[in-house]
Each structure stands twice: as C-alpha cells, then as structure tokens.
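To keep things clear, I will list the structure first and then write my remarks on it.
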Amino acid sequence: MSDLSTLLEVGGPVAALGGGAAYARAKHPAAYWSTVGLPASTVRLLSSYGSVMEACGLTVTPSRLRALAVKAMTQREVRPVPPRRGLIRPTTTGLRLRLRLAPGQEPADFAASAERLRHAWGVHAVYVTTVKPGVIELRLVGYDVLRRVRMPRKIAAGFLKVPVALREDATPFIRDYRTIPHQLTLGATLSGKSMYLRHLITGLAPQPVALVGIDCKRGVELAPFASRLSALATDPEQAAELLPVLVKEMEDRYDLIKARQGIAHDTPDEEITSDVWGLPEHERPVPVVLFVDEVAELFMVATKKDEERRDEMVTQLIRLAQLGRAAGIYLEVCGQRFGAELGKGATMLRAQLTGRVCHRVNDEASAKMALGDIAPEAVYAACSIAPERPGLAVAGDTSGGWSRIRTPYLSLADAAETCQKSAHLAPGLPSLKPFRPDVPVRPVETAAPVVLPRPVTD
C-alpha cells in the first residue's frame, strides 16, 4: 500500500509536467522549443551526428594520412568520416550549423537528404544554404513558424525595402523594389492578398516615396489609405486618364537623365542604360510605386469603345513595366485571376513582372500563370494551400527560387492610422495633383463642458 501511495505521489507531478509540455507544444511552440525542444535536439544532434551522416550517405573516405594514423594507433578498420562540423548556434526558432564540405561533395547532396536529417534530429524542417565555396549552413527549424507568424525583432530593412512576411525557414521575406522592381500578386477571396497589400503600403508610407493606386472596386481596398496616396483611380475611366500621366512622368524623367548625362535628345528611351539613381540627390525625382488592385477589371470590356480603352491601358501598363524601373517607377499588380484569356497583352505584361507571389487560388491555371514559367514545382505548393491558413503564399522570382511565406495579421484600422500619420510625407508631384484623393478632415474632438452644481448656501 505504501509503494502505491509513493508511486501516486511521484506520478502526479510527472503527469502534470508532461501535460504542461504537451500544452505548451500545441499552444506556445516558441516557448516549448526554448525550454524543451532546443536542449533535446542539441543532445540528439551531438550524439548521433556521425551515424546520421553515414546513414544518409554524406560521409567520405578519410585522407591517406588520417587512415595511416588510425591504423597505426588503434589497429581498427578505417571508416568513412562525416564533414567537419562547426559550432552549434541556437536561435529562437531553431539551430544553425555550418559544415565544411569534403572533396567531391556539393550542397545538393545535403539538400536531397534534408528530410532524413529532419526525422533523425527531431526538428520541423532542415534547410541548406551556401555560405561560400566549400561551406554550407544547415538551418534547423524547431517548429512550424508559419502557424503563428512572429516577425523577427531586428530586420535589416531600408529605403524601398519592406519586410512583409515570414519565410518557412524563419527568415523575413523582404520586398526590395531596387532588386525586383515589378511584381505580380495573385490570390482568391479571403486568401490574404489584401493583408499582403496592407503591409506593403504601411511599410512604404514612412519613406519618401509617391504611392499611386488603381482600385477598380470603387476604391474599397485602397481608399482607407487615401491620406498617404499621391493619386487614386477608382474605376477604369479614371485609370484610363491616370496611366497616360504616369507614362508622361516617366518620359520626363528620361529627358532629365538625357540632359544630365549629355545624351542626345532624340535617343530612344529603350537605349538609355542608366537610371535616376545616377542623378545627384538634389535633382533625383522621388520614386513612384503603382498599386493595381484587381487588374482583371482593366482587361474586361463590354463595348467596342471599352475595347479601345482597354488596349490603350494595357499598352501603357506594359510600357511602364518595360521602362519604368530606370525612371524610378515600380509596379505592384494584384488580382484574383490572371491568365491569357484576359485578352491581348496579358502574357506580355506578366513577362515583365519579375517577382511572383501566389496565395490560395481557385484553379490550377492561375497558379501556373503565376509560377509555372519560373518554378513548375512551386505550382503544386500553391495549389495545396488550405483555406484555413489565410496569408500563406508561395513567393518566387524569375531566377527559379521559391519559398513558402505567410503575412502576419495587420488590422485595417492600424494600417489606415499609419498612413494618416505619414500623410505629410506624400510627395507633391504636380502631374498627379488632379488625381490626389480628397481626404475628409478629421473632426477635432473637444471635451464636453463640465457643469458644476450651484453651491449650497445658507
């Protein structure tokens, strides 16, 4: 009887501890990783490093000098050796480990065995990156960082660089307009595309950048940020008037580059290899970022007159995509669906959009239109996004690289408040002044007068 009571006394706290660990792992994975997962994975990695590398076929025959030393000192059989391992660096989301490749090895060998390493060391995922020739870094992620997104505290952002999402390897996804000037963002209703757009606008709002919007849904997506926008078109008719102005602005900037660098005035814009960033800072015009929401609305036509207007707008968009980068004009094209069936110019416009972000879409054709020409294997990843995970997307570029990302939650009220506080930073471009949205002035809240009771006298 005494043994049973002792067992119950000991088993109670152990069961409570196990239950608490299971609860923390499900509800607070970051805290669980820091307290339980990190020490356990570190011990498992250190104790099984050699055997795991051998099982994965990542060991090599030792050098002749080492083989002779082993035979002379231990008289044992010479076994293959794993790559030389560096220090283990723990992070808030996993581990980092650098390896020096042996002669004959390449990073692709470790990338092919990433799934085996993940199971052997008990982590959520393993990613391989090349540090320099002969050195790779294994990034071990302890838990699913995309389930509950928390952006890193320190992010190396800068001018025209906006951290908008978190990658599946726990690194921030930064939208860099200087590197990738134009981008296509697709997503069905409630897929998180609007959240992605909010982060872009709020990230650019405190910067000296002119923000221009085309929202053919009567402005319901971009109107809350009107205080920070330099121009806004809310229907195809207004867009048809705004796009020629942007093209004219681009041509004026090319004339400025020609005058500064001594290029002949009649030189075609396509032959100018420099850009506005080569101009002196006091002469350099401010960058312009054009947000096009629901781009399919610009392609749809109902009459012959609408078809002519559509062709003109598509031509102007293609010109901006082809020549706008050198003039400091960048495009962010968004929509629910984008395909060749939209009409003439759709495929040509897509070819000019270097960056691609595909949220959950309703059909495979849209995913192929966004990612099929740059990374065919990413199409399947985009089609497998679950509806209950809004904000999850597949991001890629024309270099062929792609990764899963997820945008953190940002309320519309907070985004609009950020734009309101940055309204004074909106550049006053004279050509865009007729399209500047009218923002109602906030009423000044005054405190209600306090009526004091009359004093009681004798």
Side-chain angles (χ1 to χ4, degrees), residues 159-162 164 175 177-178 181-183 185 194 197-256 275-277 279 281-295 298 313 316-317 319-321 323-334 412 415-442:
F159 184 52
L160 289 176
K161 295 180 180 180
V162 182
V164 290
R175 177 73 175 94
Y177 286 91
R178 295 286 300 274
H182 313 306
Q183 182 170 276
T185 303
S194 299
L197 193 61
R198 290 178 197 173
H199 279 274
L200 281 178
I201 294 177
T202 55
L204 291 172
Q207 302 185 21
V209 179
L211 305 181
V212 179
I214 296 178
D215 183 6
C216 292
K217 293 192 302 184
R218 298 297 177 183
V220 295
E221 290 289 345
L222 299 180
F225 319 119
S227 58
R228 181 57 182 82
L229 298 180
S230 299
L232 176 62
T234 58
D235 54 50
E237 290 78 10
Q238 295 180 5
E241 298 175 1
L242 175 59
L243 286 174
V245 175
L246 290 175
V247 173
K248 182 62 168 59
E249 176 71 21
M250 178 185 69
E251 294 173 348
D252 292 342
R253 296 186 177 195
Y254 272 112
D255 292 338
L256 179 62
D275 52 30
V276 294
W277 305 108
L279 299 175
E281 188 174 355
H282 65 278
E283 295 183 9
R284 185 187 308 153
V286 296
V288 177
V289 180
L290 172 61
F291 296 95
V292 182
D293 191 51
E294 295 302 338
V295 65
L298 298 180
M313 288 191 296
Q316 290 155 356
L317 274 177
R319 289 198 65 196
L320 289 173
L323 308 175
R325 183 208 62 82
I329 299 177
Y330 308 100
L331 269 64
E332 198 76 34
V333 180
C334 307
L412 182 60
E417 184 67 22
T418 301
C419 292
Q420 181 69 29
K421 293 179 179 179
S422 306
H424 63 284
L425 298 177
L429 295 178
S431 60
L432 299 179
K433 187 175 181 180
F435 303 94
R436 183 72 183 268
D438 295 329
V439 181
V441 180
R442 290 186 176 182

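Everything numeric here is computed off the predicted structure, so don't read it as measured data.
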State which residues pass side-chain hydrogen bond (donor to acceptor under 3.5 Å, both in side chains) with [X]; sequence neighbours excluded, sorted by chain then number.
{"X": "K433", "answer": "none"}
{"X": "T418", "answer": "none"}
{"X": "R253", "answer": "E249"}

Which heavy atom of [X] sits nearest to which heavy atom of [Y], and what is that distance?
{"X": "T185", "Y": "Q183", "value": "OG1-NE2, 3.4 Å"}
{"X": "L298", "Y": "M313", "value": "O-CE, 3.7 Å"}
{"X": "A426", "Y": "R436", "value": "CB-NH2, 3.6 Å"}
{"X": "R228", "Y": "L425", "value": "NH2-O, 3.9 Å"}
{"X": "S230", "Y": "P427", "value": "OG-O, 3.4 Å"}
{"X": "L256", "Y": "E283", "value": "CD2-O, 3.6 Å"}

Q | Stepwise side chain to side chain contact (heavy atoms under 4.5 Å, CB included) test for L320 and L243 | A | CA-CA 9 Å; L320 289 173; L243 286 174; 4.1 Å; yes
Below 4.5 Å, heavy atoms only, C-beta onward: do [X] and [Y] meet side chain to side chain?
{"X": "L331", "Y": "L317", "value": "yes"}
{"X": "L412", "Y": "R198", "value": "yes"}
{"X": "Q316", "Y": "M250", "value": "no"}
{"X": "V288", "Y": "L429", "value": "yes"}
{"X": "L200", "Y": "Y177", "value": "yes"}
{"X": "T234", "Y": "P437", "value": "no"}

Q) What pairs with R178 under side chain to side chain contact (heavy atoms under 4.5 Å, CB included), at least two apart in sequence or on another chain? A)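 Partners of R178 by the side chain to side chain contact (heavy atoms under 4.5 Å, CB included) criterion, ordered by chain and then number, come out as L160, D176, W277, Y330.
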Q. By side chain to side chain contact (heavy atoms under 4.5 Å, CB included), which residues pair with V245, not counting sequence neighbours?
A.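 If we apply the side chain to side chain contact (heavy atoms under 4.5 Å, CB included) test to V245, skipping adjacent residues, the hits are S431, L432, F435.
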State which residues pass salt bridge (Lys or Arg N to Asp or Glu O under 4.0 Å) with [X]; sequence neighbours excluded, sorted by chain then number.
{"X": "R175", "value": "E332"}
{"X": "E241", "value": "none"}
{"X": "K248", "value": "D252"}

(Q) Nearest 0.5 Å, please: how far is CG in D235 from CD in Q238? (A)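 The distance works out to 4.0 Å.
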(Q) Using a 3.5 Å distance criterion without hydrogens, assess whether the side chain of S422 forms a donor-acceptor pair with backbone atoms of C419. (A)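 Pair absent, no side-chain N/O of S422 close to backbone of C419.
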Please report, to 0.1 Å, the donor-acceptor pairs under 3.5 Å made by any side chain of residues 210-226, with sequence neighbours excluded.
from	atom 1	to	atom 2	distance (Å)
D215	OD1	K217	N	3.2
D215	OD2	V220	N	3.2
D215	OD2	E221	N	2.8
D215	OD2	L222	N	3.2
K217	NZ	E221	OE2	3.3
E221	OE1	S194	OG	3.2
E221	OE2	S194	OG	3.3

